[in-house]
Participant: 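My questions will all concern the structure given below.
We count ligands from 1, going down the list as the structure has it; atoms in each ligand are counted the same way. Note that this is a predicted model, so its numbers are computed, not measured.
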Amino acid sequence: MKVAFFNTKKYDRQFFEAMNSKYNHELTFLEPRLDVTTASLAQGFPAVCIFVNDKADAATLENLAAGGTRLLALRCAGFNMVDLKRAAELGITVLRVPAYSPYAVAEHAVGLILSLNRKLYRAYNRVRDDNFALDGLMGFDLHGRTVGVIGTGKIGMIFAQIMRGFGCQLLGYDAYPNAQFETLGAARYVELADLFENSDIISLHCPLLPETRHMINADAIDQMKPDVMLINTSRGGLLDTKAAISGIKSGKIGYLGIDVYEAEDNIFFEDLSDSIIQDDTFQLLQSFPNVLITAHQAFFTRDALQNIAETTLTNITDFEQGHPTHVNEVQYTEKVVAKTVA
Ligand code: NAD
């Protein structure tokens with residue numbers, strides 16, 4: 001099948017070309033991101049493959065459909081960048097990669113916790129500067145601390161297991177609780193307010209949906225313990241960044257580790273080191289010593305890229321062969337439901 005890949009980097013091409021020897025699709029790698037102005041590049045391609053920061057809004061989908069596109073293959077898990085209602089109306093099937101390596105993301109979240117707690121990013125620079133003083137580098141034992149896990153799906157569960165390994169107590173919140181969480185030991189589901197009130201560390205692992213946008217806002221932050229550590233490796237829109245900045249300035253938030261940012265679309269995945277970044281909120285966030293930002297790299301392991309390439313190409317093959325109900329399809333309903341593999 002002819003597939004136009006938008007927004008591709010060297011590593012996408014490398015992993016997809018290697019994996020495609022098993023599938024033999026006709027892959028065309030394009031550098032521009034997908035949006036309404038670039039959709040015409042996909043003219044004549046029945047399948048289009050996109051990533052988290054492409055934009056498949058209504059107008060873009062209309063252009064794709066007019067050019068003959070019938071499949072939107074997401075090479076990621078999240079699907080908040082697609083107007084699913086319009087896609088359904090236009091007869092465009094949306095397939096995604098629901099799980100490629102939940103370990104990659106969960107382990108990165110733990111990496112942020114360890115780096116922030118023990119200030120490894122500051123220590124690294126100090127030692128390189130022959131500054132061997134310890135002032136300002138004091139951390140705390142993770143053992144015995146309470147970790148709030150919001151979203152106990154694939155990534156949240158692995159994250160919870162790792163934190164149990166450190167000897168942490170776990171509080172979970174999920175719109176659809178799963179029985180396995182409470183079998184982890186020292187783990188129980190609570191109401192969100194209870195989780196906010198009693199967690200030393202809070203880590204977000206739920207999807208971005210209309211009802212979860214800004215779930216961490218000023219009101220939520222008010223309810224948290226002083227000096228709380230907030231970790232977001234899920235989607236930037238879950239966190240009200242301005243409220244987080246106020247929480248950091250007031251001292252309520254002691255540590256903030258984020259791999260995602262609500263306005264990341266114009267910043268992440270590009271080398272902007274020679275540019276003047278115009279996003280004042282992001283620049284202010286960067287200026288705090290207790291904030292650690294990575295640029296949406298939690299998924300970025302060899303294992304994950306291989307799995308992404310394999311599942312995406314299998315999705316395309318299955319679509320081409322007309323599999324009627326696909327386990328990786330994201331369908332529009334009044335409340336969006338993504339069928340996920342168990
Ligand atoms: P998943 O579907 O397995 O788990 C999500 C969990 O969130 C489910 O248990 C679900 O019931 C729960 N949930 C749904 N609505 C909720 C609500 N309103 N409140 C609380 N919980 C709710 O997904 P996953 O594979 O664990 O991925 C979690 C998120 O991680 C994804 O949505 C994606 O945005 C993000 N992600 C980020 C990266 C990265 O590189 N930073 C990579 C992959 C995924």
Participant: Select one of side chain, backbone, both or neither to describe which atoms of H205 lie under 4.0 Å from any atom of ligand 1, heavy atoms only.
Facilitator: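 Under 4.0 Å from ligand 1, H205 contributes backbone atoms alone.
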
Participant: How would you list all residue pairs meeting side-chain hydrogen bond (donor to acceptor under 3.5 Å, both in side chains) that involve residues 126-138, not counting sequence neighbours?
Facilitator: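 Checked against side-chain hydrogen bond (donor to acceptor under 3.5 Å, both in side chains) - neighbours excluded - the pairs reaching residues 126-138 are Y124-R128.
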
Participant: Hey, is H108 touching ligand 1 through its side chain, its backbone, both or neither, going by heavy atoms under 4.0 Å?
Facilitator: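 Neither part.
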
Participant: Should one rank A295, A99, S234 by closest heavy-atom distance to atom 31 (C) of ligand 1, which comes out on top?
Facilitator: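 It is S234 whose heavy atom sits nearest to atom 31 (C) of ligand 1.
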
Participant: Determine, step by step, whether Y103 and T301 satisfy the side chain to side chain donor-acceptor pair (under 3.5 Å) criterion, reporting the C-alpha distance in whole Å, the side-chain angles of both residues, the deciding distance to 0.1 Å, and the verdict.
Facilitator: CA-CA 10 Å; Y103 302 100; T301 65; over 6 Å; no

Participant: Counting only nitrogen or oxygen atoms and a 3.5 angstrom limit, does M215 reach ligand 1?
Facilitator: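 No: no nitrogen or oxygen of M215 is under 3.5 Å from one in ligand 1.
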
Participant: How about F299 and F51: are their ring centres within less than 6.0 Å of each other?
Facilitator: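 They qualify: ring centres under 6.0 Å apart.
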
Participant: Answer with yes or no whether G78 contacts ligand 1, where contact means a heavy atom under 4.0 Å from a ligand atom.
Facilitator: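 No; G78 lies far enough from ligand 1 that no heavy-atom distance drops under 4.0 Å.
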
Participant: So for F300, does at least one of its heavy atoms come nearer than 4.0 angstrom to any atom of ligand 1?
Facilitator: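 F300 does not count as a contact of ligand 1 under the 4.0 Å cut-off.
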
Participant: Heavy-atom contacts under 4.0 Å between I155 and ligand 1: side chain, backbone, both, or neither?
Facilitator: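 The part of I155 near ligand 1 is both the backbone and the side chain.
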
Participant: Would D174 count as a polar contact of ligand 1, with the cut-off being nitrogen or oxygen pairs under 3.5 Å?
Facilitator: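 There is such a contact, yes.
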
Participant: For atom NZ of K119, is the number of surrounding heavy atoms from other residues, nucleotides or ligands below 6.0 Å larger than 12?
Facilitator: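 Yes, enclosed.
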
Participant: Would one find more than 12 heavy atoms of other residues, nucleotides or ligands at under 6.0 Å from atom CD of Q180?
Facilitator: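 At most 12 heavy atoms, drawn from other residues, nucleotides or ligands, come within 6.0 Å of this atom.
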
Participant: Classify the ring geometry of H205 against F159: parallel below 30°, tilted from 30° to 60°, perpendicular beyond 60°.
Facilitator: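 Because their plane-to-plane angle lies in the 30° to 60° range, the rings of H205 and F159 count as tilted.
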
Participant: What atoms of ligand 1 come closer than 4.0 angstrom to any heavy atom of H296?
Facilitator: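 Reading through ligand 1 atom by atom, the close ones are 39 (C), 40 (O), 41 (N).
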
Participant: Which distance, rounded to the nearest 0.5 Å, do you find between the OG1 of T317 and the OH of Y23?
Facilitator: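 One gets 6.5 Å once the value is rounded to the nearest 0.5 Å.
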
Participant: Please confirm whether K154 comes within less than 3.5 Å of ligand 1 when only nitrogen or oxygen atoms on both sides are compared.
Facilitator: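 Yes, at least one N or O pair falls under 3.5 Å.
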
Participant: Just jot down the ligand 1 atoms closer than 4.0 angstrom to any heavy atom of T212, in number order.
Facilitator: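 So the answer, numbered in order with elements, is 17 (C), 18 (N).
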
Participant: Name the orientation class of the two ring planes belonging to Y261 and F268 (parallel below 30°, tilted from 30 to 60°, perpendicular beyond 60°).
Facilitator: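 Ring orientation, 0 to 90° scale: tilted.
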
Participant: Where on F181 is there a heavy atom closer than 4.0 Å to ligand 1, on the side chain, on the backbone, on both, or on neither?
Facilitator: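 The answer is neither; F181 stays 4.0 Å or more away.
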
Participant: Near Y100, which atoms of ligand 1 are under 4.0 Å from a heavy atom of that residue?
Facilitator: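 Listed by number with element: 42 (C), 43 (C).
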
Participant: Does the separation of the ring centres of F319 and H326 fall below 6.0 angstrom?
Facilitator: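 No, they do not, as the ring centres are separated by 6.0 Å or more.
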
Participant: List the steps and the verdict of side-chain contact (heavy atoms from CB on, under 4.5 Å) for T312 and M19.
Facilitator: CA-CA 10 Å; T312 305; M19 191 59 72; over 6 Å; no

Participant: Polar-atom distance check: T233 versus ligand 1, any N or O pair below 3.5 Å?
Facilitator: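 Looking only at distances, the answer is yes, because the N/O contact criterion of under 3.5 Å is met.
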
Participant: Partners of T294 by side chain to side chain contact (heavy atoms under 4.5 Å, CB included), sequence neighbours excluded?
Facilitator: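 T294 satisfies side chain to side chain contact (heavy atoms under 4.5 Å, CB included) with H108, L112, D259, Q297 once adjacent residues are dropped.
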
Participant: Compute the shortest N/O to N/O distance between D259 and ligand 1 and return yes if it is under 3.5 Å, no if not.
Facilitator: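 It does: an N or O of D259 is found under 3.5 Å from an N or O of ligand 1.
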
Participant: Let me confirm one number: the NZ-OG1 distance from K2 to T69, rounded to the nearest 0.5 Å.
Facilitator: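 Spacing of NZ (K2) from OG1 (T69) equals 10.0 Å.
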
Participant: Report yes or no: does V105 have a heavy atom closer than 4.0 Å to ligand 1?
Facilitator: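 The answer is yes, since V105 has a heavy atom less than 4.0 Å from ligand 1.
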
Participant: Which of these, P207, A77, A104, G153, has its nearest heavy atom closest to atom 7 (O) of ligand 1?
Facilitator: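 When every heavy atom of P207, A77, A104, G153 is considered, P207 comes closest to atom 7 (O) of ligand 1.
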
Participant: What atoms in ligand 1 come closer than 4.0 Å to a heavy atom of Y173?
Facilitator: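 That gives atoms 19 (N), 20 (C) of ligand 1.
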
Participant: Of the backbone atoms (N, CA, C, O) and the side-chain heavy atoms from C-beta on, which set of T152 has a member under 4.0 Å from an atom of ligand 1: side chain, backbone, both, or neither?
Facilitator: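 Under 4.0 Å from ligand 1, T152 contributes backbone atoms alone.
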
